[in-house]
Amino acid sequence: MTKIIDGKKISEEIKKKLKGEVLALSKKGIVPGLAVILVGNNNASQVYVKNKERVSKEIGINSQIVRMSAKTSQKELEKIILQLNANEKIHGILVQMPLPDNIDTKKISSMVNPKKDVDCFHPENIGRMMIGDASFLPCTPAGILELFKKTKIEIEGKDVVIIGRSNIVGKPLAIMLINLGATVTVCNSRTKNLQKLSSQADILISATGCAKIISANMVKQDAVIIDIGISRNAKGVLVGDVDYANVYNKASHITPVPGGVGPMTIAMLMKNVILATKNQI
Ligand code: GUN
């Protein structure tokens with residue numbers, strides 16, 4: 001029987017626990033503070049940022065959205081980051097990606113105080129994660145590891161194929177799975193014979209944003225399927241990378257879209273904000 005991995009339910013359990021941690025901190029007079037910087041009007045980013053604000057409120061984290069125009073200069077953005085780095089009430093800083101083309105994204109990520117880098121985008125934190133000495137783990141990969149833990153899916157010795165090599169998801173996830181003893185193959189849009197590789201995976205993880213790119217013939221019988229893709233179909237409905245109806249029967253475990261990885265990303269962000277707060281007090 002295929003098991004649906006219910007990220008929504010698992011994230012609710014995590015959020016409940018985090019709410020308790022925030023309550024304990026508030027009894028000591030400490031309220032975790034998160035600043036989210038949103039530059040420009042990207043539609044998807046606006047939705048993500050609103051969701052982060054909603055969940056922060058739910059848990060008791062003080063979140064502040066810094067909205068900046070699409071015409072913001074590099075200097076203006078850097079100034080805001082320096083102010084937030086120095087603000088003792090702000091324990092976590094997140095710069096929503098993507099940034100407009102005129103902004104040097106790498107420089108911005110490296111200007112956030114590593115202790116407040118709840119996204120784990122700072123080179124120091126990425127380096128620490130690489131050698132298995134992380135204080136923060138990047139939110140989406142951490143959410144996926146949590147799903148494996150909660151559903152008792154073993155990682156050690158497994159053949160994992162990741163489709164997507166982004167700095168936010170594919171690359172850090174590959175590192176984290178290598179650290180857990182998996183054999184990891186990272187594919188991209190230029191990969192030769194993707195089907196040959198994907199159909200050998202014990203765990204297949206797709207992060208492309210191309211609807212239904214993962215068909216049943218790309219999947220090994222009883223594989224674990226993790227779908228990180230989000231796109232909208234012709235009817236405007238949110239869909240993942242996986243041809244869910246056809247892959248479902250072949251998979252041992254599968255994440256739905258929505259309600260799979262998405263809610264876990266925000267739960268892990270909240271976890272990082274609380275961790276950052278504890279590290280700073
Ligand atoms: N844009 C898409 N995903 C993310 C994320 O996890 N963090 C940030 N800062 N921006 C994103």
Side-chain angles (χ1 to χ4, degrees), residues 7 11 14 33-56 61 63-68 70 72 77-78 80-81 84-85 90-101 103-114 116-126 129 134 136-147 162 164-176 205-210 226-232 238 240-241 255 257-258 260-273 275-276:
S11 73
I14 293 168
L34 168 68
V36 177
I37 303 172
L38 175 60
V39 185
N41 311 306
N42 181 302
N43 283 339
S45 290
Q46 308 228 26
V47 175
Y48 292 145
V49 165
K50 274 216 173 101
N51 285 338
K52 285 164 188 169
E53 190 184 32
R54 179 178 49 79
V55 179
S56 296
I61 289 172
S63 88
Q64 172 190 332
I65 303 181
V66 182
R67 291 178 198 277
M68 301 182 78
T72 299
L77 181 53
E78 289 181 5
I80 292 288
I81 290 173
L84 293 168
N85 279 347
I90 295 296
H91 306 94
I93 301 170
L94 181 152
V95 184
Q96 187 64 33
M97 302 295 170
L99 288 169
D101 289 344
I103 303 284
D104 180 346
T105 300
K106 287 193 182 112
K107 178 151 189 234
I108 293 299
S109 292
S110 65
M111 279 188 75
V112 172
N113 178 345
K116 298 190 177 187
D117 173 35
V118 287
D119 248 335
C120 192
F121 286 178
H122 190 287
E124 180 182 317
N125 287 327
I126 295 170
M129 177 201 57
F136 299 117
L137 292 174
C139 303
T140 300
I144 293 167
L145 293 197
E146 199 65 30
L147 291 178
I162 301 172
R165 56 170 162 173
S166 72
N167 286 331
I168 298 181
V169 180
K171 278 193 248 176
L173 182 57
I175 302 284
M176 287 155 71
I205 303 172
S206 186
T208 73
C210 303
I226 304 293
D227 191 347
I228 317 177
I230 305 180
S231 49
R232 289 196 187 268
L238 215 59
D241 287 358
T255 58
V257 174
V261 175
M264 294 300 291
T265 297
I266 298 193
M268 292 299 109
L269 172 66
M270 300 297 129
K271 186 177 167 185
N272 280 350
V273 174
L275 181 65

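First listed ligand is number 1; within each ligand, the first listed atom is number 1.
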Review point. Would you say D117's side chain and V112's backbone share a donor-acceptor pair under 3.5 angstrom?
Key: no

Review point. Are the side chain of H122 and the backbone of S109 linked by a donor-acceptor contact shorter than 3.5 Å?
Key: no

Practice item. Give the residue and atom name of whichever protein heavy atom lies nearest to atom 1 (N) of ligand 1, and the separation in Å to one decimal. Key: M97 O, 3.0 Å

Check your understanding: Does D227 use its side chain to pair, donor to acceptor, with the backbone of T255 at less than 3.5 Å?
Key -> no

Review point. When you measure from the side chain of N272 to the backbone N and O of F136, does any donor-acceptor pair fall under 3.5 Å?
Key: no

Review point. Is K116 reaching over with its side chain to a backbone N or O of L84, donor-acceptor style, under 3.5 angstrom?
Key: yes

Check your understanding: Do T140 and ligand 1 have an N or O pair less than 3.5 Å apart?
Key -> no

Check your understanding: By number and element, which atoms of ligand 1 are closer than 4.0 Å to a non-hydrogen atom of V95?
Key -> 8 (C), 9 (N)

Check your understanding: Where do A70 and P100 come nearest, in terms of heavy atoms and distance?
Key -> O-CG, 3.9 Å

Check your understanding: What residue and atom, counting heavy atoms only, is the protein's closest point to atom 3 (N) of ligand 1, and at what distance?
Key -> I168 CD1, 4.2 Å

**Study point:** Numbered atoms of ligand 1 (with element) below 4.0 Å of L94, judged on heavy atoms
**Key:** 9 (N)

Review point. Got the closest protein heavy atom to atom 11 (C) of ligand 1, with its distance?
Key: Q96 NE2, 3.3 Å

Point to revise | Heteroatom distance test (D119, ligand 1): nitrogen or oxygen, under 3.5 angstrom | key: yes

